[in-house]
> 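Can you read through this structure? Questions will come right after.
Quick caveat, the model's predicted, so the values are computed rather than measured. Quick note on labels: first sequence line is chain A, next is B, and so on, each numbered from 1.
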Amino acid sequence: MAPKRRSTPIIEGRVGMYVCGPTVYSDVHIGNCRTFVSFDVIYRYLMYLGYKVRYVRNITDVGHLEGDADSNAEDKISKKARLEQLEPMEIVQKYTNGFHEIMHRFNTLDPSIEPRATGHILEQIEMVEEIIKRGYGYEANGSVYFDTNKLLRETDVYGKLSGRKVEDLLVETRDLKNQDEKRHPSDFAIWIKADERHLLRWNAPWSEGFPGWHLECSVMSTKYLGERFDIHGGGNDLKFPHHENEIAQSYGACGNTPANYWIHSNMLLLNGRKMSKSEGNNITPVQLFTGDSPHISKAYSPMALRFFFLQAHYSSTLDLNDASLGAAEKGYRRLIDTYNTLKGLSSTVSKSEHALAGEMEQGIQAAFDEMNDDFNAPKAMARMFELCTVINKLADGQLSTDDAGQHTLDTVTKGFSDLLFVIFGLLDESAAGADDHMDQLQGLMQLVIDMRQQARLNKDWPTSDKIRDTLNAIHIELKDGKEGTQWKINEK
RNA sequence: GGUCGGUUGGCCGAGUGGCUAGGCACAGCUCUGCAAAAGCUGCUACAGCGGUUCGAAUCCGCUAUCGACCUCCA
């Protein structure tokens, strides 16, 4: 799955995929959205290939600490609850709802299972016990730590994923606070004794406390996908320490590493710089949808954003700015509009032997081939845009639809439709919402177009222009072509 | 400070040794009553310096720069 690797599922015909979900202590970050859109396309494509995919994406609602991990730090959910004077679960519910709403606007599919950390406390306690039993964990003052030093001595699994060297992990040069409980600086907490102000707490053999952040993913991936599964994904910034520690925990509890393939999506930049709330270089999904931000000149639709994300490979950083969003919006429209043009084409020849037919079928096949190479959506789209030129020439009469043949037109139409809607998960926004009254709208528009055509035949330009301009003002665009006038609804 | 990864034409972005995507923007043209839409044509870039090679955006080294991780972050 990952770059230039050929994948073989552990169980034939099935794929297990775990993706680290959000910590629900605030509104979802736009970079987070990019990550989940990337994995949505991977999920969709694997299903398209015929795999039965179990896609598990968690909700982190406990254990994710602020600042210095382990001792003095405060749980993110707990802190927010204290500040807003709400129950922690109210915070969790509020931001989980918001997260789902935004993801649905991006037209991402729901995961097969969306487990919560707080729903798996028992399993987490059991895993801590197992880790201790196997000698990879130790207790200190009611907290339990993972013994990374032991793991490093015995195996080469720790540090491999993130390319860290054993010496670097062992020789910790930074000043860390509250290291007294740990035997070694690189050890990390798997159970944390709660202090007085901590709201989220459960009884465990070692103390009343709460699980370490990394533990939930190990527990929930194991529970729903097994000790070994196919794909583990997440943002690049989770590679270390989060994913490295997951590997350690799985090894400590089960004696093996959890995932066959690790997929990491890269960061989203804003105006060429990293997003940072404190420096004001930040934008939210809602601000993008409404245009209410100094960073952008107008609103951008969820589908324009989704297309924008797909124009870069998931493993590359992507720079979000007003100009590139505008370019994506237009590219998205062109692709959808050309598909709608394609749907209307037909040929009197069922199967053509002309070179054009082969060219078009190879073109659409090439797009799928790109997806087979590490889910390369930007390259797949490039192949589709090349076909757009051909499709528009067919519609324009510059190429003959009979040279293409009905079979080829059908093949390309099917391929376009599958790629655009099933795999990329795009929607035709101009068509959405109008379904109920589409028949009436069609009839009405045909009447208006006929009347304008009559005016044009009479050379009554003021009337024909008034019709066109008035429609334009309400975002209905008329397109005069050789075959008559077409219309479409544009984004406001 | 350490480790790792980027630096591609006006902008965004593919691309791991010769065939040098794609989108947007821009210019000219075709079509059009005028436009719009659509089409055609043009726009040949790989941070800098040095090296390896018959040949490098692609490999190696140095420099600059941006970023990630090392400490919460997708």
> Using atom CD1 of I192(A) as one end and atom P of C72(B) as the other, report the distance to the nearest whole Å.
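So the two atoms are 11 Å apart, to the nearest Å.
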> Distance from I391(A) atom CD1 to F385(A) atom CZ, nearest 0.5 Å?
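Spacing of CD1 (I391(A)) from CZ (F385(A)) equals 11.0 Å.
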> Between G33(B), A37(B), A68(B), which nucleotide gets closest to the side-chain atoms of K274(A)?
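From the listed options, A68(B) comes nearest.
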> Using whole Å, what does the distance between atom C1' of nucleotide U65(B) and atom CG of L269(A) come to?
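Interatomic distance, CG of L269(A) to C1' of U65(B): 14 Å.
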> Just how far is it from atom CG of D337(A) to atom CD of E477(A), taken to the nearest 0.5 Å?
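D337(A) atom CG to E477(A) atom CD measures 8.0 Å (nearest 0.5 Å).
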> How close or far is atom P of U3(B) from atom CG of L161(A), stated in whole angstroms?
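To the nearest whole Å, that distance equals 19 Å.
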> Among the nucleotides C12(B), C70(B), A36(B), which one has an atom lying closest to any side-chain atom of E477(A)?
A36(B)
> Taking only side-chain nitrogens and oxygens of S324(A), does any of them come within less than 4.0 Å of OP1 or OP2 of G23(B)?
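For G23(B), neither OP1 nor OP2 has a side-chain N or O of S324(A) closer than 4.0 Å.
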> Would you tabulate the side-chain donor-acceptor contacts of residues 376-383 of chain A under 3.5 Å, counting partners in other chains and residues two or more places apart, or write 'none'?
from	atom 1	to	atom 2	distance (Å)
N376(A)	OD1	K379(A)	N	3.2
R383(A)	NE	E386(A)	OE1	3.1
R383(A)	NH1	E370(A)	OE2	3.0
R383(A)	NH2	E386(A)	OE2	3.2

> Could you measure the distance from the SG atom of C20(A) to the NE2 atom of H242(A)? Nearest 0.5 Å is fine.
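These two atoms lie 3.5 Å from each other.
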> Could you tell me how far A47(B) sits from G5(B) if I compare only their C1' atoms? Round to whole Å.
16 Å
> Between A36(B) and C31(B), how far apart are the P atoms? Round to whole Å, please.
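Between the two P atoms, the distance is 15 Å.
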> Side-chain N or O of R456(A) less than 4.0 angstrom from OP1 or OP2 on G33(B)?
no
> Base of G33(B), side chain of D465(A) - is there a donor-acceptor contact under 3.5 Å?
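For D465(A), whose side chain was compared with the base of G33(B), there is a donor-acceptor pair (under 3.5 Å).
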> Respond yes when some side-chain nitrogen or oxygen of K393(A) is under 4.0 Å from OP1 or OP2 of C40(B), and no when none is.
yes
> Classify D480(A) by what it touches in the nucleic acid, base, sugar-phosphate, or nothing, heavy-atom distance under 4.0 Å.
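Base contact.
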> So what does N376(A) hit on the nucleic acid, given a heavy-atom distance under 4.0 Å: a base, only sugar-phosphate, or nothing?
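Touches sugar-phosphate only.
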> In whole Å, what separates the P atom of C66(B) from that of G39(B)?
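Approximately 41 Å lies between the P atom of C66(B) and that of G39(B).
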> Could you say whether C388(A) or T317(A) is positioned toward the 5' end of RNA chain B, judged by the nucleotide with the nearest heavy atom to each?
T317(A)
> Between A56(B) and C19(B), how far is it from one C1' atom to the other, in whole Å?
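Taking atom C1' in both A56(B) and C19(B), they lie 15 Å apart.
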> So which heavy atom on M360(A) is nearest to which on A404(A), and how close?
SD-CB, 3.9 Å
> Just checking R273(A): base, sugar-phosphate only, or nothing, at a heavy-atom cut-off of under 4.0 Å?
sugar-phosphate
> So, under a plain 3.5 Å distance rule, would you say the side chain of R333(A) forms a donor-acceptor pair with the base of C24(B)?
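Between C24(B) and R333(A), which were checked side chain against base, a qualifying N/O pair under 3.5 Å is absent.
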> Pick the closest RNA chain B nucleotide for M267(A) and for K479(A) by heavy atoms, then say which residue is nearer the 5' end.
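Upstream on the strand: K479(A).
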> Sort out for me which residue in F424(A), F99(A), F307(A), F289(A) forms a ring-ring contact (aromatic ring centres under 6.0 Å, His included) with F106(A).
F289(A)
> Taking the same atom, C1', in U58(B) and in A14(B), what whole-Å distance lies between them?
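13 Å, rounded to whole Å.
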> Partner lookup for C4(B), please. Criteria are Watson-Crick or G-U wobble with both distances under 3.5 angstrom; report none if nothing qualifies.
G67(B)
> Taking 4.0 angstrom as the limit, do K79(A) and D75(A) come out as a salt bridge?
no
> Find out whether the Lys NZ or Arg CZ of K160(A) is both under 6.0 angstrom from the six-membered ring centre of Y158(A) and within 45° of the ring's axis.
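So K160(A) doesn't make the cation-pi contact.
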> Does S464(A) make a side-chain donor-acceptor contact with the base of G33(B), cut-off 3.5 Å?
yes
> Is there any protein nitrogen or oxygen under 3.5 Å from a nitrogen or oxygen in nucleotides 19-22 of chain B, and what are the pairs?
from	atom 1	to	atom 2	distance (Å)
A21(B)	O3'	E386(A)	OE2	3.4
A21(B)	O2'	R383(A)	NH2	2.2
A21(B)	O2'	E386(A)	OE2	3.3

> Where the side chain of H313(A) is concerned, which of A68(B), A14(B), G13(B) is the nearest nucleotide?
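Shortest atom-to-atom distance from the side chain points to A14(B).
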> Considering only G39(B), G33(B), C12(B), which nucleotide approaches the side chain of Q398(A) most closely?
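The answer is G39(B).
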> Taking only the P atom of each, what is the distance from A64(B) to C49(B) in whole angstrom?
15 Å
> Classify the nucleic acid contact of T341(A) as base, sugar-phosphate or nothing, counting any heavy atom under 4.0 Å across all strands shown.
nothing
> May I have the step-by-step check of salt bridge (charged side-chain N to carboxylate O under 4.0 Å, His left out) for R201(A) and D195(A), ending in yes or no?
CA-CA 9 Å; R201(A) 51 175 71 212; D195(A) 63 25; 5.3 Å; no
> Figure out the OH/C1' separation between Y314(A) and G6(B), and round it to whole Å.
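So the two atoms are 17 Å apart, to the nearest Å.
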> In terms of side-chain heavy atoms of A312(A), which of C34(B), C69(B), G13(B) is nearest?
G13(B)
> For L268(A), which contact category applies under a 4.0 Å heavy-atom criterion: base, sugar-phosphate, or nothing?
base
> Measure from OH on Y300(A) to P on C12(B) and round the result to the nearest Å.
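So the two atoms are 14 Å apart, to the nearest Å.
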> Taking A37(B) as the reference, what is the distance to G48(B) when you measure between their C1' atoms (whole Å, please)?
45 Å
> When all nucleic acid strands are considered with a 4.0 Å heavy-atom cut-off, which category describes D337(A): base, sugar-phosphate, or nothing?
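Here D337(A) touches no strand at all.
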> Both distances below 3.5 Å, Watson-Crick or wobble geometry, any strand: find the nucleotide opposite C11(B).
G23(B)
> For A68(B), does either OP1 or OP2 sit under 4.0 Å from a side-chain N or O belonging to N236(A)?
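It does not, given that no N or O in the side chain of N236(A) lies less than 4.0 Å from OP1 or OP2 of A68(B).
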> OG/S78(A) to CG/L199(A) distance, rounded to the nearest 0.5 angstrom?
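Reported to 0.5 Å precision, the distance equals 4.0 Å.
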> Could you measure between the two P atoms, the one in G50(B) and the one in C4(B), and give it in whole Å?
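Straight-line distance between the two P atoms is 26 Å.
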> Report which part of the nucleic acid P22(A) touches: base, sugar-phosphate, or nothing (heavy-atom distance under 4.0 Å, all strands).
nothing
> Pick base, sugar-phosphate or nothing for G234(A), based on heavy-atom distances below 4.0 Å to the nucleic acid.
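Sugar-phosphate only.
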> Provide the Watson-Crick or G-U wobble partner of U30(B), both distances under 3.5 Å; none if there is no partner.
A38(B)
> Which of these passes side-chain hydrogen bond (donor to acceptor under 3.5 Å, both in side chains) with S265(A): D237(A), T35(A), N236(A)?
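Checked D237(A), T35(A), N236(A) against S265(A); only one passes side-chain hydrogen bond (donor to acceptor under 3.5 Å, both in side chains): T35(A).
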> Who does G61(B) pair with, Watson-Crick or G-U, both distances under 3.5 Å?
C49(B)
